[in-house]
Amino acid sequence: MTNTDAAPQPSSSSSSAQPQHDEIHVLKTEKPHNRLVAIAVDGSKHSEYAFNWAVKNFVRPDSDQLMLIHARPIVKYSYSPMISDVEEFDRKESFDLLHKFAGALPSDNKYNVRLVSMSGDPRETIASKVDSENADVLIVGSHGRGPIRKALLGSVSDHLVKHVKAPVIVSRPEPVEPPAKEVPPFDMLSLGVVPGF
């Protein structure tokens, strides 16, 4: 693990069928940490909400280490010279996303941050990493899928709640209520009612 902001170089023996796990350590403080707080991010507004909620309400910058995790897709094609280019593009995009979140941390505190990019099914790769690191907690966003879409597509957050050993916090934004319809003023005369009679 190196103390650097640059994305790590790809491993020399890369196989498109095998999940890959890349990690860098963006060390912003030398203080030892008491808790390892994992936050799964994916670039969605739900993920952004969960990240912001965690930073505002849960993370202790002076004593926690943050582990930001992003799961990128596995390239599933037969052998092609372009596969390594696609994998490297996905990997770079993943680290760009992780750096974006790390860069959004408030500058008035120094954070101890690890950036982890993995290829594979988010449900399996995130659960495996959180468990192997003995994280104290995992924070994820909820995409708010309805019961039918959840049954068909599955839910990453539901899977993580059921399979991760550590406590899992699923952060959901407050539902936005549609604006109330404006009721036109009641005109008694148009109804043929004369006040006072």
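These figures come from a predicted structure and were not determined experimentally.
- Here the side chain of Ser94 pairs no donor or acceptor atom with the backbone of Asp90 at under 3.5 angstrom.
- For the atom pair Ser155 OG and Lys162 NZ, the distance stands at 8.0 Å (nearest 0.5 Å).
- Of the inter-residue distances, the one linking Phe51 atom CZ with Leu66 atom CG reads 7.0 Å to the nearest 0.5 angstrom.
- Here Lys92 pairs with Asp96 in a salt bridge; the nearest charged N to carboxylate O distance falls below 4.0 Å.
- Atom-to-atom distance recorded for Ile126:CD1 and Asp131:CG is 12.0 Å, nearest 0.5 angstrom.
- The aromatic rings of Phe95 and His99 sit tilted, their planes meeting at an angle between 30° and 60°.
- One finds a salt bridge joining Glu133 and Lys129 here, because a Lys/Arg side-chain nitrogen approaches an Asp/Glu carboxylate oxygen to under 4.0 Å.
- Side-chain atoms of Arg72 and Ser117 form a donor-acceptor pair, as typed in the model, at a separation below 3.5 Å.
- Using a cutoff of 4.0 Å between basic side-chain nitrogens and carboxylate oxygens, Lys45 and Glu48 are not scored as salt-bridged.
- Rounding to the nearest 0.5 Å gives a distance of 9.5 Å between CG of Leu160 and CZ of Arg123.
- The stretch residues 32-41 participates, sequence neighbours left out, in these salt bridge (charged side-chain N to carboxylate O under 4.0 Å, His left out) pairs: Arg35-Asp64.
- Residues satisfying the side chain to side chain donor-acceptor pair (under 3.5 Å) test with Asn34, not counting sequence neighbours, are none.
- With sequence neighbours excluded, no residue forms a salt bridge (Lys or Arg N to Asp or Glu O under 4.0 Å) with Asp42.
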